[in-house]
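Take a look at the structure below.
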Amino acid sequence: MRKASGHWRLGAAALGAVAIPFAVIAALDPRIGLLRPRPAVEAVPSSGSRDAAQTPARLPDRPLSPDSAETRPAPACPVCTAAGPEAGVPFRGTLPDTDIQVPDVAAERSAQRERLIGWTAHPDRVSGSAAALDLIGVVFTAPRVPGAGYRPLALDLAGAPDRAVVLVAEQPLAVATTVPPDRAGVLGVESTAAFTLAQGRPDLLAGFRALPYGAAGVAPVLDPLRFGPGTLRGFCTALRLWAVQFGLPAWRTRYTLFENPTRIALAGDAVQSDGTPRGQVSGRRLARLCRV
């Protein structure tokens with residue numbers, strides 16, 4: 001009996017000697033993971049109700065500042081920047097307020113302005129040169145032909161020797177005029193875009209206001225049927241300026257809007273165009289609209 005007990009103890013010792021190395025390997029091998037760091041256990045509401053367990057955590061009532069003592073969980077992936085990876089660096093400051101980047105056209109605009117000034121009549125020759133003033137708005141919804149430059153617009157004033165015209169535009173125009181050679185200051189331009197004259201000559205222009213040529217502000221194209229107070233205010237400011245420029249009262253003015261025109265002609269009191277007419281307001285009604 002004593003002999004059998006000794007054999008059992010000897011067998012158990014041999015088995016333990018063989019099993020210990022395997023136990024150490026199992027504990028340290030990361031592929032098995034017995035000693036791998038355990039993930040944080042999410043807190044379960046004390047109520048133990050199913051609805052409470054599924055309720056997401058609320059955001060704080062005020063945002064945490066970057067210098068707050070409270071800690072935030074690190075992002076899953078670092079934020080890569082030009083200088084290298086930055087782990088969760090918060091954005092500080094605001095986006096830069098920069099202009100749309102375009103080729104430098106300052107020299108071109110300066111040359112265009114000087115050329116137009118050379119075609120502008122002396123103010124004393126403009127005042128009183130017309131019995132009535134037409135402000136004509138042009139709006140374009142059709143795209144230009146690919147590769148084309150400024151939009152061509154033919155303006156014929158030969159049939160209205162006692163009227164002057166101010167074009168109000170928002171896209172670049174190349175204006176070709178038909179005007180008696182003895183008339184001075186018959187045309188003005190109010191534009192948010194650049195413009196040019198296809199057949200320029202001295203004393204043709206009564207003046208111009210264009211953003212690309214240094215104007216601080218210009219009138220928008222006014223739709224007589226749809227406009228807001230800001231649009232009307234800007235338009236009426238321009239109307240007063242041009243009426244004074246021609247030495248006319250506001251009720252001697254008229255405003256007409258055309259869509260997609262390529263030709264505009266004045267024949268007596270009529271305004272004709274191949275564009276689509278979008279409205280007209282004139283005389284004392286226009287003066288009341290602008291309260292002048």
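Hydrogens, waters and symmetry mates play no part in the numbers below; they use all other heavy atoms, side chains included.
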Check your understanding: Would a 4.5 Å heavy-atom cut-off, applied to side chains only, mark D223 and L257 as touching?
Key -> yes

Study note, to complete from the structure: The side-chain contact (heavy atoms from CB on, under 4.5 Å) partner of V165 among L187, L133, T256, T177 is L187

Exercise for review: Determine, for D134 against R163, whether the closest basic-nitrogen to carboxylate-oxygen distance falls under 4.0 angstrom.
Suggested key: yes

Check your understanding: Taking R144 for the side chain and R151 for the main chain, is one N or O donor matched with an acceptor at less than 3.5 Å?
Key -> no

Review point. Do L135 and L289 share a hydrophobic cluster, counting only Ile, Leu, Val, Met, Phe, Trp and Tyr and linking them when any side-chain heavy atoms are less than 4.5 Å apart?
Key: yes

Exercise for review: Give a yes or no on whether the backbone of R233 and the side-chain of T237 come within a donor-acceptor separation of less than 3.5 Å.
Suggested key: yes

Study note, to complete from the structure: Output for pair (T196 OG1, L116 CG), nearest 0.5 Å, gives 6.0 Å

Study note, to complete from the structure: The reported gap from OG1 in T253 to CG in L239 (rounded to nearest 0.5 angstrom) is 4.5 Å

Check your understanding: Can you name the nearest heavy-atom pair linking G185 to A121, along with the distance?
Key -> N-CB, 4.0 Å

Check your understanding: Between V281 and V139, is there a shared hydrophobic cluster once you connect ILVMFWY residues whose side-chain heavy atoms come closer than 4.5 Å?
Key -> yes

Exercise for review: List the atom of D203, the atom of R125, and the distance in Å for their closest heavy-atom pair.
Suggested key: OD2-NH1, 2.6 Å

Exercise for review: Check step by step if side chain to side chain donor-acceptor pair (under 3.5 Å) holds for R115 and Q112.
Suggested key: CA-CA 5 Å; R115 185 164 56 252; Q112 288 175 315; 5.9 Å; no

Check your understanding: Heavy atoms, side chains only, cut-off 4.5 Å: are W242 and E190 in contact?
Key -> yes

Exercise for review: Please tell me if the side chains of P261 and F140 come closer than 4.5 Å, counting only heavy atoms from C-beta onward.
Suggested key: yes

Check your understanding: Taking S127 for the side chain and D124 for the main chain, is one N or O donor matched with an acceptor at less than 3.5 Å?
Key -> no

Review point. Distance-only, no hydrogens or angles: does the Y213 side chain make a donor-acceptor pair with backbone N or O of F195 under 3.5 Å?
Key: yes

Revision key, fill the gap. All heavy atoms of V218 vs all of A215, minimum pair found to be CG1-CB, 4.0 Å

Check your understanding: Are V186 and Y255 linked, directly or through other ILVMFWY residues, by side chains that come within less than 4.5 angstrom of each other?
Key -> no

Practice item. Could you pull out all residues at least two apart from P220 that satisfy side-chain contact (heavy atoms from CB on, under 4.5 Å)? Key: E170, T231

Point to revise | Closest approach of P202 to W119 (non-hydrogen atoms, all atoms of both residues) | key: N-CD1, 3.9 Å

Check your understanding: Does S273 reach the main-chain N or O of G275 with its side chain, forming a donor-acceptor pair under 3.5 Å?
Key -> yes

Study note, to complete from the structure: In this structure, CG of D162 is separated from OG of S129 (nearest 0.5 Å) by 10.5 Å

Review point. What distance separates F235 CZ from L286 CG, expressed to the nearest 0.5 Å?
Key: 5.5 Å

Review point. Do S110 side-chain atoms and A107 backbone N/O form a donor-acceptor pair below 3.5 Å?
Key: no

**Study point:** Euclidean distance, L204 CG relative to L197 CG, rounded to 0.5 Å
**Key:** 5.5 Å

Review point. Got a donor-acceptor contact below 3.5 angstrom from the R183 side chain to the A130 backbone?
Key: no

Check your understanding: Partners of R285 by side chain to side chain donor-acceptor pair (under 3.5 Å), sequence neighbours excluded?
Key -> none

Exercise for review: Just jot down the side-chain contact (heavy atoms from CB on, under 4.5 Å) partners of V244, sequence neighbours excluded, or say none.
Suggested key: none

Review point. Below 4.5 Å, heavy atoms only, C-beta onward: do V166 and L241 meet side chain to side chain?
Key: no

Review point. When you measure from the side chain of D274 to the backbone N and O of T262, does any donor-acceptor pair fall under 3.5 Å?
Key: yes

Point to revise | Between N260 and T141: side-chain donor-acceptor atoms closer than 3.5 Å | key: yes

Review point. Shared ILVMFWY cluster between V179 and I136, side chains joined below 4.5 angstrom?
Key: yes

Check your understanding: Between G217 and R209, which heavy-atom pair has the shortest distance, and what is it?
Key -> O-NH1, 3.3 Å

Check your understanding: Shared ILVMFWY cluster between L266 and L173, side chains joined below 4.5 angstrom?
Key -> yes

Check your understanding: Could you give the distance from CD (Q272) to CD1 (I264), rounded to the nearest 0.5 Å?
Key -> 11.5 Å

Exercise for review: Please report the shortest heavy-atom distance between A158 and P161, naming the atom on each side.
Suggested key: O-CD, 4.3 Å

